[in-house]
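I have placed the structure first, in the form of structure tokens, so that the comments after it can refer back to it.
What you are looking at is a predicted structure, and each value in this text was computed from that prediction instead of being measured.
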Amino acid sequence: MSQIKPLPSTLQCVAIEELFEIPSRIPDDLQALKLWIEQQAHLTARTDDQFLLQFLRGCKYSMERAKEKIERFYTMKIKFPETLGVYDLNNERFRQVARLGCVAPLPIPLNGDGCRLVMGHFNYNPEEYRVEEIYHVGSAMYEIFTIDDPYACICGIINIDDMSRLRKRIFICSTLEDLKQHIPLKYLPEYYGGENGTMEQHIKALEVKFDEYREYFQENVNYGVNESLRQEEESSDVDKLFGLGGSFRKLEVD
């Protein structure tokens with residue numbers, strides 16, 4: 001347990017009541033997951049306690065679901081490297097995209113101890129930046145959440161996307177009043193009239209996190225899947241992970 005960050009008491013209660021966490025059983029659960037990883041010839045995965053613990057928490061301690069998610073996590077990094085394969089946080093282009101503020105975690109979670117709030121801004125020039133680059137930065141941010149942010153890990157994440165460049169095509173909340181029915185004004189950023197930090201503060205805080213986890217992402221190059229070592233009976237087709245109704249399904253539009 002020494003390698004696991006303790007939770008605030010309120011979050012520990014949520015983990016026990018909603019995620020079915022039994023603190024005394026965590027060492028045994030982690031050991032079982034590590035043993036399974038060692039037995040997978042095609043899979044090289046992190047075995048850090050804090051990293052693996054989030055897969056267990058995210059699956060409400062279903063060992064089989066946690067195994068599937070770890071497998072999917074690394075398979076998709078290999079399949080979609082432009083968006084999910086993040087290794088170099090020092091890359092100048094990566095930092096340039098990060099400074100656009102397209103993805104920005106807010107410092108105060110919902111209601112002070114609830115979900116992590118993340119602002120999404122579609123404010124980049126598509127002729128200068130590709131959407132894959134925006135998601136690349138977001139991917140790094142969400143991966144840091146898995147080992148660094150107990151509010152995101154235990155209570156989840158609420159994404160608030162400002163699509164005012166896109167409002168003719170997408171409708172979510174037509175006014176700020178609509179949004180305030182779901183997120184109290186206090187927890188929105190200052191540029192929306194709230195108290196949850198400025199754009200400059202959000203960008204700076206994210207850059208500080210990227211500085212802190214530079215070595216972690218450099219190490220990621222050592223992890224992944226080797227399809228040539230995968231057992232024949234195991235599927236390596238990522239498309240099947242989504243099913244017919246999955247988010248990455250291609251649609252033909254007349």
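- Following chains of ILVMFWY side-chain contacts shorter than 4.5 Å, one can reach I26 starting from I37, so the two form part of one hydrophobic cluster.
- Contact record, P8 with Y151: CG-OH, 4.3 Å, taken as the closest heavy-atom pair.
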> Going through the distances and angles, do F51 and Y223 end up as a ring-ring contact (aromatic ring centres under 6.0 Å, His included)?
Replying inline: CA-CA 13 Å; F51 177 79; Y223 305 104; 8.1 Å; no
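- Counting heavy atoms from C-beta outward, K209 and P105 have side chains that stay 4.5 Å or more apart.
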> When you look at V137 and F94, which way does the side-chain contact (heavy atoms from CB on, under 4.5 Å) test go after all the steps?
Replying inline: CA-CA 7 Å; V137 171; F94 178 91; 3.8 Å; yes
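- Here the options are K34, R46, R57, the test is side-chain contact (heavy atoms from CB on, under 4.5 Å), and the partner is L52; only K34 passes.
- The nearest pair of heavy atoms linking I203 to A98 is CG2-O, 4.2 Å.
- The closest side-chain donor-acceptor pair between Y124 and E133, if any, does not fall under 3.5 angstrom.
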> Step by step, would you call R230 with E71 a side-chain contact (heavy atoms from CB on, under 4.5 Å)?
Replying inline: CA-CA 11 Å; R230 192 188 291 270; E71 169 76 28; 2.6 Å; yes
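- Between Y129 and R93 the shortest heavy-atom distance is CD2-NH2, 3.4 Å.
- In this structure, the side chains of L84 and K79 stay at 4.5 Å or more apart for every pair of heavy atoms.
- The nearest pair of heavy atoms linking H202 to A104 is CB-CB, 3.7 Å.
- Closest non-hydrogen pair, L30 versus L53, comes out as CD2-N, 3.8 Å.
- The hydrophobic clustering, which links ILVMFWY residues whose side-chain heavy atoms are closer than 4.5 Å, places L89 and L100 together.
- Note that the CG atom of D28 and the CG atom of L33 stand 12.5 Å from one another [nearest 0.5 Å].
- To the nearest 0.5 Å, atom CG of residue D49 and atom CD of residue Q31 are 9.0 Å apart.
- Residue L56 is grouped with residue I157 when hydrophobic side chains (ILVMFWY) are merged at heavy-atom distances under 4.5 angstrom, including chains of intermediate members.
- For the side-chain contact (heavy atoms from CB on, under 4.5 Å) test with M119, the passing option among D161, V103, I160 is I160; the others fail.
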> How far apart are the C-alpha atoms of R95 and E92, what are their side-chain angles, what is the distance that settles it, and do they pass the salt bridge (Lys or Arg N to Asp or Glu O under 4.0 Å) test?
Replying inline: CA-CA 5 Å; R95 290 305 183 108; E92 182 54 36; over 6 Å; no
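- No donor-acceptor pair closer than 3.5 Å links the side chain of Q54 to the backbone N or O of Q50.
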> Stepwise, does the side-chain contact (heavy atoms from CB on, under 4.5 Å) test hold for S139 with T83?
Replying inline: CA-CA 7 Å; S139 176; T83 53; 5.9 Å; no
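- Annotation: the span from F55 atom CZ to C153 atom SG amounts to 10.0 Å, rounded to 0.5 Å.
- Here Y135 and F80 keep their ring centres 6.0 angstrom or further from each other.
- Salt bridge absent: E207 and K204 never bring a charged side-chain N and a carboxylate O closer than 4.0 Å.
- How far NE2 of H136 is from CD of E82: 9.0 Å, rounded to the nearest 0.5 Å.
- Y213 is connected to Y74 through a chain of hydrophobic side-chain contacts under 4.5 Å among Ile, Leu, Val, Met, Phe, Trp and Tyr, so both are in one cluster.
- Formation of a donor-acceptor pair under 3.5 Å by the K77 side chain with backbone atoms of G85 is not found in this model.
- For E68 and R65, the salt-bridge test fails: no basic side-chain N is under 4.0 Å from an acidic carboxylate O.
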Side-chain donor-acceptor pairs under 3.5 Å in residues 110-118, sequence neighbours left out?
residue: R116; atom: NE; partner: D149; partner atom: OD2; Å: 2.6
residue: R116; atom: NH1; partner: L106; partner atom: O; Å: 2.8
residue: R116; atom: NH1; partner: P107; partner atom: O; Å: 3.0
residue: R116; atom: NH2; partner: D149; partner atom: OD1; Å: 3.3
residue: R116; atom: NH2; partner: D149; partner atom: OD2; Å: 3.4

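- Listed here is the closest heavy atom pair of E143 and T146: O-OG1, 2.5 Å.
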Only distances under 3.5 Å count here; give the side-chain donor-acceptor pairs of residues 185-193 to other protein atoms, sequence neighbours excluded, each with its distance to 0.1 Å.
residue: Y191; atom: OH; partner: H121; partner atom: NE2; Å: 3.1
residue: Y192; atom: OH; partner: D162; partner atom: OD2; Å: 2.3

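- Using a 4.5 Å heavy-atom cutoff, the side chains of I154 and L7 are in contact.
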>> Assess the residue pair L11 and C155 against the criterion (side-chain contact (heavy atoms from CB on, under 4.5 Å)); give the C-alpha distance rounded to whole Å, side-chain angles, the decisive distance to 0.1 Å, and a yes or no.
In response: CA-CA 8 Å; L11 291 184; C155 300; 3.5 Å; yes
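- Within 6.0 Å of atom CZ in R25, 12 or fewer heavy atoms from other residues, nucleotides or ligands are found, so the atom counts as exposed in its surroundings.
- Atom CG of L43 is separated from atom CG of N226 by 10.5 Å, given to the nearest 0.5 angstrom.
- In this structure, the separation between CG on D29 and OH on Y61 is 6.5 Å, given to the nearest 0.5 Å.
- Using a 4.5 Å heavy-atom threshold, the side chains of V14 and L19 count as separate.
- Cluster annotation: I108 is connected to I158 through the hydrophobic network of ILVMFWY side chains, with a link wherever side-chain heavy atoms come within less than 4.5 Å.
- Residues I144 and E212 form no side-chain contact, since every pair of their non-hydrogen atoms from C-beta on lies 4.5 Å or further apart.
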